[in-house]
Protein chains: 2
Amino acid sequence: MGVTVATMQDVAQRAGVSLSTVSYTLTGKRPVAPATRARVEQAMAELEFRRSPVARALASRRTHVLALAYPVFGVSLGATLNEIVRGAVEAAREAQYELVLWPVSSGEPGLLRELAEQRTADGVLLMEVSLDDPRIEAVESAGLACALIGRSADPGDRVWVDIDFEQAIEAAVEHLASQGHSRIAFVNRAQAELDAGYGPAVRAQWAFDAATARRGLVGYSTASDVTPSAGRRATSALLAAHPDLTAVVVMNELALFGVSAALREAGRTVPGDVSVVGVAISGEISEMYDHPLTYLAAPGPDQGRRAVHGLLEVLDGRPAPAGVNLPCTLQVRETSGPATRLDPR
Amino acid sequence: MGVTVATMQDVAQRAGVSLSTVSYTLTGKRPVAPATRARVEQAMAELEFRRSPVARALASRRTHVLALAYPVFGVSLGATLNEIVRGAVEAAREAQYELVLWPVSSGEPGLLRELAEQRTADGVLLMEVSLDDPRIEAVESAGLACALIGRSADPGDRVWVDIDFEQAIEAAVEHLASQGHSRIAFVNRAQAELDAGYGPAVRAQWAFDAATARRGLVGYSTASDVTPSAGRRATSALLAAHPDLTAVVVMNELALFGVSAALREAGRTVPGDVSVVGVAISGEISEMYDHPLTYLAAPGPDQGRRAVHGLLEVLDGRPAPAGVNLPCTLQVRETSGPATRLDPR
DNA sequence: CATCCTTATCGAAGCGCTTCGCGGAAGCGC
DNA sequence: GCGCTTCCGCGAAGCGCTTCGATAAGGATG
């Protein structure tokens, strides 16, 4: 407990300079003669000096803390969240920032505003941003900057980092088409998300329709709640309605688990009878799949990193980097293979 | 940006009292006359006053921040971590504390000490504590209190919150025994953890051996790395060596996924031929299982909450609550059922 | 009515740092 | 050798709050 720590005052005294000189050697905001700097640094070393982040924050009005606001609808976000958090936390640490967690569902911007007004953080990372997200206004009206993980309808010149769903879907379809698949099913996210115009679901649907149409392929689409059982039902229904399908593209992390169960129940082997490709799946999830899954890996950690970097740019008064759609990278494993001719059963 | 906020000084002025009186009405550390208190509170409301956490921290030497140190070995921790974090973050918020993330693998106590010495947090929650964890010393030598999620060999009078593995295993075995199973396999965590004497693995093994022995049952144990493929291999090996087993107890979140694959490959149905029970599994993981899984739910969120509460007690100078082993609750779903007589194949 | 408590409030001294204005000492050209 | 610019370093004023000793105003007491 009562560990006493050296202050900048102590360092100044020991080095025989003034307090402000110590500060300037630390911040570099004014030149310090090499000799002086050396003395100061030695004094700091001898005293094991550690600058107090709290005092610094008070004096400079910068807390060096970033907040991560994430929605708390229980499950499902788990793995995705994790990867993004991991990237964000690493990037923050490298930049000497701390990362605090603000669990705020998108339904309660009031709480977010409350937190933001405390000014305990310099900026906020908003996860799972929806097209018209009230949280953005909540954060900005409190005078904090924010970076969007995802994208709102009109991000303006804010920092945003989204997934390139178009590219991912296109790549998935291309991968399958190149193997001779011509009747491809698509399991999207929940119907509610589509109805609400939620970006990822809508963009993926467009992309899928475009990718199949352009190639003259047949696409069968369905939506599924984000649970294994919903995925199972959706897939069973698809198989019943379109027994001739030879591939399934799934952009729904949890439904994925139900998809394989449904295929198995229907007596279809993977990838013998049906190929399965996951889209925007986190590496963590893919590893839990029963076969090594062919998937388009979500840029999770990178998304987190970029959001942090962008936010820091803004905080430092530099222009915000342009928003980016990060591509997913195709990981070919064992759930995809050449299409086999299949008689409708 | 430049949003100006009211300070306590402003409030004092408006209420016609001194700065310190405002402070005392806020902290309650000295009595304030009801009438005065009312005036102050009204002034605060009118000015939309928000106390600055930073200034408060500097003056009071309490940051009102808790740090969560978690190991960063990529995967696997995901779901478990999440639940614990969720509990911790909620408990912290309720107590008006912030929760920051410190990603520090247990191999680098130096980094942890560094962070602790910054005194940017009042206390540290240590996740995945090992029997002889150097991080404890790192945190305490910096003068911070810590709470252990898990337990070290000698927790002393520190706060610790672990899972009652004995109870969980016992409950799993009891559940199976009551259904007539007499030859039960156990898939533990990695051999390396057993060799290292890592608490959970070792305790679970003892418990399993005890639970089966006490009932005169036959137990087949094996260890598996924390991946689906390792689980698959381990299970295949078990089935080959002991074709007569009718149940598998799995205390290994990721191996679980491989277990079902191996059973399927061996032509065993679940729960017809073989029952599967997960132990200390998070709800999130259980939902990803292909069948509704019978499991002993890890007390994840509660673990996080308790650790926070305990830590806060200590920070407030009260005696630390005694360490606890939290029980897992049996969730009977569809992967367990009565034992069927089975001819060794 | 002088005395001694109580009780509510005030003023001031920090907490450990950043930042701004100032000024002494060199260094420069002419 | 004079003014002028540069370069460094100093002192002091905060940042917004907590906390401690002191004080004024009543009340109770003898």
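Excluded from the calculations below are hydrogen atoms, water molecules and symmetry mates; all remaining heavy atoms, backbone and side chain alike, are included. Just so we're on the same page: letters track the sequence lines, and every chain starts at 1.
- Put simply, the side chain of A/Glu117 does not reach to within 4.5 Å of the side chain of B/Val5, judged on heavy atoms.
- For D/dT19, one of the phosphate oxygens OP1 or OP2 lies less than 4.0 angstrom from a side-chain nitrogen or oxygen of B/Lys29.
- Using a 4.0 Å cut-off between charged side-chain N and carboxylate O, B/Asp316 and B/Arg62 make a salt bridge.
- Both distances falling under 3.5 Å, in either a Watson-Crick or a G-U wobble arrangement, place C/dC30 opposite D/dG1.
- Residue-level contact check: A/Val54 touches neither bases nor backbone, having no heavy atom under 4.0 Å from any strand.
- For the pair A/Leu26 CG and C/dT18 C1', the computed distance is 11 Å after rounding to whole Å.
- Rounded to whole Å, atom P of D/dC17 lies 12 Å from atom CG of B/Leu58.
- When the side-chain nitrogen and oxygen atoms of B/Thr21 are compared with OP1 and OP2 of C/dC10, one or more of them lie within a distance under 4.0 Å.
- The side chain of A/Thr7 contributes no N or O atom lying less than 4.0 Å from OP1 or OP2 of C/dG16.
- Put simply, A/Ser23 has no side-chain N or O that comes within less than 4.0 Å of OP1 or OP2 on C/dC17.
- At the heavy-atom level, B/Arg50 lies under 4.0 Å from the strands shown only through sugar-phosphate atoms.
- In this model, the phosphate group of C/dT18 is not approached by any side-chain N or O of A/Ser60 to a distance below 4.0 Å at OP1 or OP2.
- If you measure from atom CD of A/Gln9 to atom P of D/dG11, you get 10 Å, rounded to the nearest angstrom.
- The base of C/dC17 does not come close enough to the side chain of A/Tyr24 for any donor and acceptor atom to sit less than 3.5 Å apart.
- Per the geometry, CZ belonging to B/Arg61 stands 13 Å off C1' belonging to C/dC17, to the nearest Å.
- When the nearest nucleotides of DNA chain C are assigned to B/Ala59 and B/Pro31 by heavy-atom distance, the more 5′-ward of the two goes with B/Pro31.
- A/Val22 comes within 4.0 angstrom of nothing in the nucleic acid, heavy atoms only.
- Side-chain atoms of B/Arg30 and base atoms of C/dT9 include a donor and an acceptor less than 3.5 Å apart.
- Donor-acceptor pairing under 3.5 Å is lacking for the side chains of B/Ser20 and B/Ser23.
- For A/Arg51 and D/dC15, the CZ to P distance is 20 Å, given to the nearest whole Å.
- In terms of heavy-atom proximity, A/Ala69 sits nearest to A/Val124 at CB-CG1, 4.1 Å.
- For C/dC15, neither phosphate oxygen OP1 nor OP2 lies less than 4.0 angstrom from any side-chain nitrogen or oxygen of B/Arg62.
- Counting only heavy atoms from C-beta on, A/Ser20 has its side chain closest to C/dT19 among C/dT19, D/dC8, C/dC17.
- Put simply, the side chain of B/Val161 does not reach to within 4.5 Å of the side chain of B/His309, judged on heavy atoms.
- B/Glu108 and B/Arg135 are not joined by a salt bridge, as no carboxylate oxygen comes within less than 4.0 angstrom of a charged side-chain nitrogen.
- Regarding B/Leu19, its CG atom lies at a distance of 8 Å from the P atom of D/dC17, rounded to whole Å.
- Rounding to whole angstrom units, CG of residue B/Leu47 and C1' of D/dG16 are separated by 15 Å.
- As rounded to whole Å, 15 Å separates atom P of C/dG16 from atom CD of B/Gln118.
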